[in-house]
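Here is the structure we will look at.
Heavy-atom basis, side chains included; hydrogens, waters and symmetry copies ignored.
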Amino acid sequence: MPRSRTVGLVVAASAAALALSGCSVVEAFSPHVDAQIYDSAKEFKAVKTAAFGSPAFVPDDATIIRVDYDTQSGAAILTYASPTLLAKDVCSGETTTPKPAIQDSWWPVDGLPEKSSKCPGGWSAFAIGQQVYAALPAKSK
């Protein structure tokens, strides 16, 4: 009888320890993604964008700018509406459209172009209509 009681106490103590440390266990596996929404390019350019680089390709007429960025890996995705699409003479060349490391409900899942514009800071950007989407890969360690 005492042996089964000891086993029961060990199991209960282990479960309690796991429950109490559960926050840190869950936190270790949850993405560290912050999301921001800006009404205009003016508002967007006024904030510090050091966490996800400085997307200089965002034109002055951009509106409803959404950005999600991983505070640990540096990966980011961004979207905005703009008739200009990209700021003039900022992006050059093409690159393969990447599969971003971050996903959000506003990121398109179908109809992605094969190629994107290659932009400064490692960003790649493409447009679907007047909506621009851009992705920044995780920083290599």
Side-chain angles (χ1 to χ4, degrees), residues 2-141:
R3 181 159 197 203
S4 62
R5 187 178 304 174
T6 303
V7 170
L9 288 173
V10 169
V11 170
S14 297
L18 185 59
L20 292 174
S21 67
C23 291
S24 61
V25 171
V26 170
E27 188 175 309
F29 293 103
S30 66
H32 301 277
V33 176
D34 286 340
Q36 301 293 326
I37 301 175
Y38 305 94
D39 289 331
S40 66
K42 182 179 179 182
E43 180 185 357
F44 175 70
K45 291 177 181 182
V47 299
K48 289 187 176 190
T49 57
F52 51 87
S54 180
F57 57 88
V58 177
D60 291 337
D61 64 354
T63 58
I64 314 300
I65 302 162
R66 294 174 177 260
V67 62
D68 291 2
Y69 57 95
D70 188 313
T71 59
Q72 290 185 341
S73 75
I77 55 175
L78 179 139
T79 188
Y80 58 86
S82 168
T84 305
L85 301 180
L86 297 171
K88 187 175 179 167
D89 299 327
V90 175
C91 301
S92 62
E94 287 186 334
T95 186
T96 303
T97 299
K99 182 177 191 299
I102 300 173
Q103 292 293 313
D104 202 334
S105 60
W106 50 261
W107 187 266
V109 292
D110 294 324
L112 300 179
E114 288 185 28
K115 298 288 183 181
S116 295
S117 295
K118 189 175 183 179
C119 300
W123 287 91
S124 54
F126 62 91
I128 298 176
Q130 290 188 343
Q131 190 71 30
V132 175
Y133 300 90
L136 180 66
K139 293 178 176 79
S140 54
K141 294 182 178 183

| task | Give the C-alpha distance, both sets of side-chain angles, the deciding distance and a yes or no for side-chain contact (heavy atoms from CB on, under 4.5 Å) between V67 and Y38. | result | CA-CA 9 Å; V67 62; Y38 305 94; 3.9 Å; yes
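- S124 is linked by a side chain to side chain donor-acceptor pair (under 3.5 Å) to nothing, counting only residues two or more places apart in sequence or in another chain.
- How far CD of Q36 is from OH of Y69: 5.0 Å, rounded to the nearest 0.5 Å.
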Counting only pairs under 3.5 Å, give me each side-chain donor-acceptor contact of residues 74-89, with atom names and distances, residues two or more places apart or in other chains.
from, atom 1, to, atom 2, distance (Å)
T79, OG1, Q131, NE2, 2.7
T79, OG1, V132, O, 2.8
Y80, OH, L85, O, 2.6
S82, OG, D61, OD1, 2.6
S82, OG, T84, N, 3.0
S82, OG, L85, N, 3.2
T84, OG1, D61, OD1, 3.3
T84, OG1, D61, OD2, 2.5

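- Across all non-hydrogen atoms, the minimal contact from L136 to G122 is CD1-C, 3.6 Å.
- Residue pairs meeting the disulfide (SG to SG under 2.5 Å) criterion with at least one partner in residues 38-134, sequence neighbours excluded, are C91-C119.
- With sequence neighbours left out, D60 forms a salt bridge (charged side-chain N to carboxylate O under 4.0 Å, His left out) with K45.
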For a quick test of your reading: what N or O donor-acceptor pairs under 3.5 Å do the side chains of residues 100-107 make, sequence neighbours left out?
from, atom 1, to, atom 2, distance (Å)
D104, OD2, W106, NE1, 2.9

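- In this structure, the side chain to side chain contact (heavy atoms under 4.5 Å, CB included) partners of P108, at least two apart in sequence or on a different chain, are L112, F126, I128, Y133.
- Interatomic distance, E94 CD to S117 OG, rounded to the nearest 0.5 Å: 6.5 Å.
- A donor-acceptor pair under 3.5 Å is formed between the side chain of T97 and the backbone N or O of P113.
- Within the structure, salt bridge (charged side-chain N to carboxylate O under 4.0 Å, His left out) pairs that include any residue of residues 106-123 do not occur (at least two apart or interchain).
- Taken to the nearest 0.5 Å, the CG atom of D39 stands 9.0 Å off from the OG1 atom of T63.
- Sorted pairs that involve residues 125-137 and meet salt bridge (charged side-chain N to carboxylate O under 4.0 Å, His left out), not counting sequence neighbours, are lacking altogether.
- For residues 50-90, there are no disulfide (SG to SG under 2.5 Å) pairs, not counting sequence neighbours.
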